[in-house]
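Below, all heavy atoms of this structure are taken into account, side chains as well, without hydrogens, waters or symmetry copies. Proteins come first, then strands; the chains are lettered A, B, ... in the order of their sequence lines, and each starts at number 1.
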Amino acid sequence: MSELAKTYEPGAVEAKWYDYWLQHGCFTADPSRVSAQRPAYSIVIPPPNVTGVLTLGHVLNNTIQDILSRRARMQGKEVLWLPGTDHAGIATQNVVEKTLRKEGAMKHRDDLGREALVAKIWEWKEKYGGIIIQQLKKLGASCDWSRERFTMDPEYSKCVSRVFVDLYKKGLIYRGKRMVNWCPASLTALSDEEVEMKPQNGFMYHFKVEVAEAPGTWLTIATTRPETIPGDTAVAVNPKDPRYTHLIGKHVKRPLPVQIPDEQKLIPIVGDDHVDFEFGTGVLKVTPAHDKADFEIGLRHKLPVVDVMNPDGTMNALAGESLVGLDRFEARKVAAEKLRELEVLEKEEPYQNNVGFSERAGVPIEPRLSEQWFLKYPSVAEAKACVADGKMKFFPERWAKVYDHWLEGIQDWCISRQLWWGHRIPVWYRGDEIHCDITAPEGDGWKQDSDVLDTWFSSWLWPFATMGWPEKTDTLAKFYPTTDLVTGPDIIFFWVARMIMAGYEWMGDLPFKNVYFTGIIRDKQGRKMSKSLGNSPDPLDLIAKYGADALRFGVMRSAPLGADILFDEKNVELGRNFCTKLWNATRFRQMQGGASEGEIRPDLLTSDDRWILARLSDAIGDVSTSLDEYRFSDATSTLYRFFWNEFCDWYLEACKAVFFHSGDEARKANTLAVIDFVLAHTLRIFHPFLPFITEEIWNSLGFNSDLPANQGGDTIMTAPWPKAFGAEELAYFGLDEVADRFANAKYEVVNLGRGLRRDFNIASSKRVRFVLRPNGELAPHDIEVLRILLNAEPLDVLADYAAPKGTPVALTPLGELLLPLEGLIDVTAERERLAKELAKVEQELAKVRAKLADPNFAGKVPAKVLDEHRQRETDWAEKHAQLTKMREALGAA
RNA sequence: GCGGCGUUAGCUCAGUGGUAGAGCGGCGCUUUUACACAGCGUUGGUCGGGGGUUCGAAUCCCUCACGCCGCACCA
């Protein structure tokens with residue numbers, strides 16, 4: 001047993017133990033150790049962006065995974081927590097391109113060329129790609145780092161090609177020219193999931209067009225996007241709309257682009273059910289190249305597709321002289337201006353509509369016709385069924401509905417991206433020939449598809465591609481399906497749903513059994529963490545300031561299942577304070593001297609010992625249940641309450657009676673044994689939450705000393721997870737309701753005595769005489785505990801004590817507790833105090849009597865409830881009688 | 001528009017039919033020999049509004065309001 005430093009220094013301790021765990025291979029998973037007695041437990045990390053840095057979201061997510069992993073190890077399971085990173089196509093390429101432009105290394109990616117740019121990104125990845133991994137280590141993450149994976153590792157990349165080819169051959173992947181979500185900033189197509197609808201304030205422009213066949217007849221069209229008029233190839237009305245039916249088949253003169261007057265392009269009026277005649281004017285301009293719905297109308301009516309925009313969102317030559325080269329938003333203003341000049345703009349009113357934004361680049365997307373690769377989702381039925389039938393469980397459960405709803409209406413997934421960083425599509429072209437395979441075709445003249453795949457098209461394979469698939473590895477055999485997945489609900493569609501499909505498609509089984517969805521971390525005002533708001537603290541700063549354990553504890557304490565987390569640094573401070581408390585309680589133990597005295601002797605147990613052992617058993621049970629149900633904040637609260645309020649505030653204080661005043665060496669030794677027993681168990685249930693400080697104390701106090709190496713001897717990591725006491729242990733220690741009730745009664749006496757002090761303004765530090773008129777037997781130990789906790793000097797236990805008139809009295813479960821105030825008795829004050837208490841009792845008594853008097857109540861209520869109420873009445877009535885007697889003894893005012 | 005979640009003490013949240021709770025904060029006292037990152041005490045709520053079921057509702061049902069989150073989306 002080494003002496004503990006005066007204050008806990010997390011920095012040095014954390015580094016020391018993390019190195020120790022690594023050196024001793026504590027995080028390494030070995031499939032050959034898996035057996036019926038040693039079941040497997042596995043988690044794959046949601047791979048963070050390789051160029052990312054740790055955020056509070058990561059802290060939350062990974063602390064939960066670490067808690068689950070560490071507990072599973074203590075439960076004797078073979079644990080694999082598989083870490084790694086994601087190549088994050090768009091984000092990473094953007095970051096690197098931006099840097100290169102800043103450095104002047106290039107203006108546009110074409111200046112460098114594909115090969116050189118990809119090489120630069122790899123360089124960047126080698127240089128900065130490890131940062132987040134190092135940060136996770138600081139947090140204490142017990143990942144098996146020997147298995148760290150990256151989605152662009154050669155082996156992993158092969159898996160990606162393999163599944164592409166497989167799906168292609170199954171006919172689920174196809175290439176087609178379709179409307180996609182185009183990001184004009186990143187210059188790539190996006191999937192539907194990467195588009196976020198946001199309300200935008202704009203204008204609704206009403207302009208009129210003349211019917212060519214009926215000069216003087218004008219139709220008014222409402223649009224938010226006048227800049228796309230040059231791309232209009234029809235005007236549509238609802239065929240059932242009596243206002244316009246007669247015009248179908250005729251043509252209108254399209255006002256833009258402005259050409260020689262009277263020679264404006266004529267476009268047909270078509271009838272289409274899609275047009276809502278309630279909305280706007282009931283006349284819709286149809287721009288097949290720039291709107292998904294319009295494209296469909298175009299197909300139905302065989303309309304030409306006129307694309308008036310460049311990929312970067314600027315207008316092209318087809319938009320006409322006045323718009324060409326302008327950015328789409330600038331062009332909108334100019335187009336409106338042109339309409340005004342032409343005197344066809346009828347009105348322009350403020351209007352709010354929903355516009356799709358590119359999630360990454362933050363700019364409005366453009367619906368755009370382009371040639372892309374699409375995937376018809378595989379194994380959808382299985383993916384749906386496994387959650388619906390409960391084979392896979394979601395926590396909180398309500399996400400199952402969201403998941404189900406999404407699966408109900410999914411469209412094919414656009415998987416090609418016009419980027420260079422990522423997995424290149426394994427398809428080669430030569431003339432009309434097409435070759436799709438894992439390897440390039442033989443022969444000359446083949447050209448590989450230039451696009452890469454959506455990053456999620458690689459990460460959906462994560463649970464098995466990281467374990468050696470397609471080989472039938474031992475790791476896969478033992479650790480797949482994984483046990484738990486911990487992730488944010490924001491990627492339920494991007495990642496979770498797709499992993500489930502992939503699991504069924506290639507492994508024939510679900511990828512994980514339970515999915516825990518974390519909340520979203522917000523600041524204390526409820527706003528999302530964001531860089532621009534600057535409300536996102538750096539977890540590394542918090543670790544430096546408070547310690548990793550404190551950060552973990554603080555975050556877990558405020559993360560209830562199913563709710564968002566309002567982050568407040570106060571919680572981390574609380575975590576630090578808790579660690580300090582743990583540290584100081586341990587120091588107290590150490591100062592009482594002696595190594596662990598070994599076995600507890602039940603015959604020497606005090607009422608306090610029995611009480612704390614019972615509380616410990618409850619805490620173990622509660623924490624275990626909470627963890628089984630993924631209620632981490634409940635587990636944390638239990639730990640906090642048990643250790644601080646029960647162990648420190650009551651038990652350790654009560655122990656002082658033994659250590660400082662009993663002179664009973666055998667009992668002192670036994671008390672030490674109880675403290676050690678409780679501490680040793682407490683450290684174990686704390687360990688998943690507070691890995692560092694528990695390891696430090698475990699070793700410093702020598703709790704490891706007589707344990708086998710693999711059961712807590714080398715490290716607390718392998719100490720068995722404790723169980724709540726069974727009937728046998730409860731009997732052995734003599735823990736029952738009677739014992740609990742007595743200890744609680746004792747503490748109630750203390751509370752009431754302290755209340756008397758307050759009422760008579762006696763400082764808690766001032767030693768005063770208390771007298772107890774007991775209503776039963778009290779052991780010397782219990783009297784001493786009462787004395788210490790009341791800070792009484794002396795505490796006289798006198799059955800026949802005759803108190804001076806006006807002496808303050810508290811009615812306690814163990815008898816009347818009196819506070820004799822020599823020379824200070826204030827009869828009036830005591831009378832007032834009694835009156836106040838009496839009033840309260842009368843109120844309660846009236847309440848319960850009213851209930852009992854109600855014939856409906858007595859007649860209909862279950863016997864048990866009725867008894868409870870009768871007992872309540874008896875108790876209050878008794879108290880009432882005593883108080884009345886006491887007041888009478890004081891005499892009239 | 002459809003669906004989900006939420007609304008309990010100043011704040012964060014427990015509490016799913018039977019005496020409204022915890023932590024933090026606030027306030028007061030205390031530098032009592034583990035701990036002032038502490039101890040002790042204390043303050044504090046018509047449980048979002050309304051209606052219903054029931055002997056009894058924070059809890060079950062209906063309804064409204066407000067907030068948040070998905071999904072869809074009409075130019």
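- Counting any heavy atom pair closer than 4.0 Å across all strands shown, A:Asn353 reaches sugar-phosphate atoms only and no base atom.
- Base pairing of B:C68 is made with B:G4, judged by Watson-Crick or G-U wobble geometry with both donor-acceptor distances under 3.5 Å.
- A:Arg757 comes within contact range of no nucleotide atom at all, as no heavy-atom separation falls under 4.0 Å.
- Comparing A:Val861 and A:Gly282 by the nucleotide of RNA chain B whose heavy atom lies nearest to each, the residue mapping closer to the 5' end is A:Val861.
- Nucleic acid contact class of A:Asp634 (heavy atoms, under 4.0 Å, all strands): none.
- One donor-acceptor pair, N or O on each side, does fall under 3.5 Å between the base of B:C73 and the side chain of A:Asn354.
- Between the base of B:C24 and the side chain of A:Lys570 there is no donor-acceptor pair shorter than 3.5 Å.
- Note on A:Pro855: nothing from the nucleic acid sits closer than 4.0 angstrom, heavy atoms only.
- At the heavy-atom level, A:Lys292 lies nowhere under 4.0 Å from the strands shown.
- In this model, the phosphate group of B:A22 is not approached by any side-chain N or O of A:Tyr640 to a distance below 4.0 Å at OP1 or OP2.
- Residue A:Trp406 has no polar side-chain atom (N or O) positioned under 4.0 Å from OP1 or OP2 of B:A72.
- The ring pair (Phe, Tyr, Trp, His ring centres under 6.0 Å) with A:Phe517 is formed by just one residue from the set A:Phe394, A:Tyr403, A:Trp495; it is A:Phe394.
- The separation of B:G21 from B:C62, taken at their C1' atoms, amounts to 29 Å, rounded to a whole angstrom.
- Distances shorter than 4.0 Å separate some side-chain N or O of A:Arg754 from OP1 or OP2 on B:G41.
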Salt bridge (Lys or Arg N to Asp or Glu O under 4.0 Å) between A:Arg870 and A:Glu873, worked out: CA-CA 5 Å; A:Arg870 285 195 175 132; A:Glu873 191 208 5; over 6 Å; no
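- In this model, the phosphate group of B:G17 is not approached by any side-chain N or O of A:Lys864 to a distance below 4.0 Å at OP1 or OP2.
- One N or O donor and one acceptor, one from the side chain of A:Glu653 and one from the base of B:A34, sit under 3.5 Å apart.
- The pairing partner recorded for B:U46 is none, the criterion being a Watson-Crick or G-U wobble arrangement whose two distances lie under 3.5 angstrom.
- Using a 4.0 Å heavy-atom criterion, one finds that A:Tyr351 contacts the sugar-phosphate atoms exclusively.
- Taking only side-chain nitrogens and oxygens, A:Lys766 never comes nearer than 4.0 Å to OP1 or OP2 of B:C29.
- Using atom C1' as the reference point in both B:G26 and B:G18, the two lie 33 Å apart (nearest Å).
- Among the heavy atoms of the strands lying under 4.0 Å from A:Lys401 are primed sugar atoms or P, OP1, OP2 only; no base atom is included.
- Within the nucleic acid shown, A:Arg631 has no heavy atom closer than 4.0 Å to any nucleic acid atom.
- Contacts of A:Thr580 with the nucleic acid, taken as non-hydrogen atoms under 4.0 Å apart, include base atoms.
- Among the protein residues, A:Leu566 comes within range of the sugar-phosphate backbone only, with heavy atoms under 4.0 Å from sugar or phosphate atoms but none that close to a base.
- Scanning atom types as modelled, no donor and acceptor separated by under 3.5 angstrom connect the side chain of A:Arg398 and the base of B:C5.
- Within the nucleic acid shown, A:Val865 comes within 4.0 Å of at least one base atom, counting heavy atoms only.
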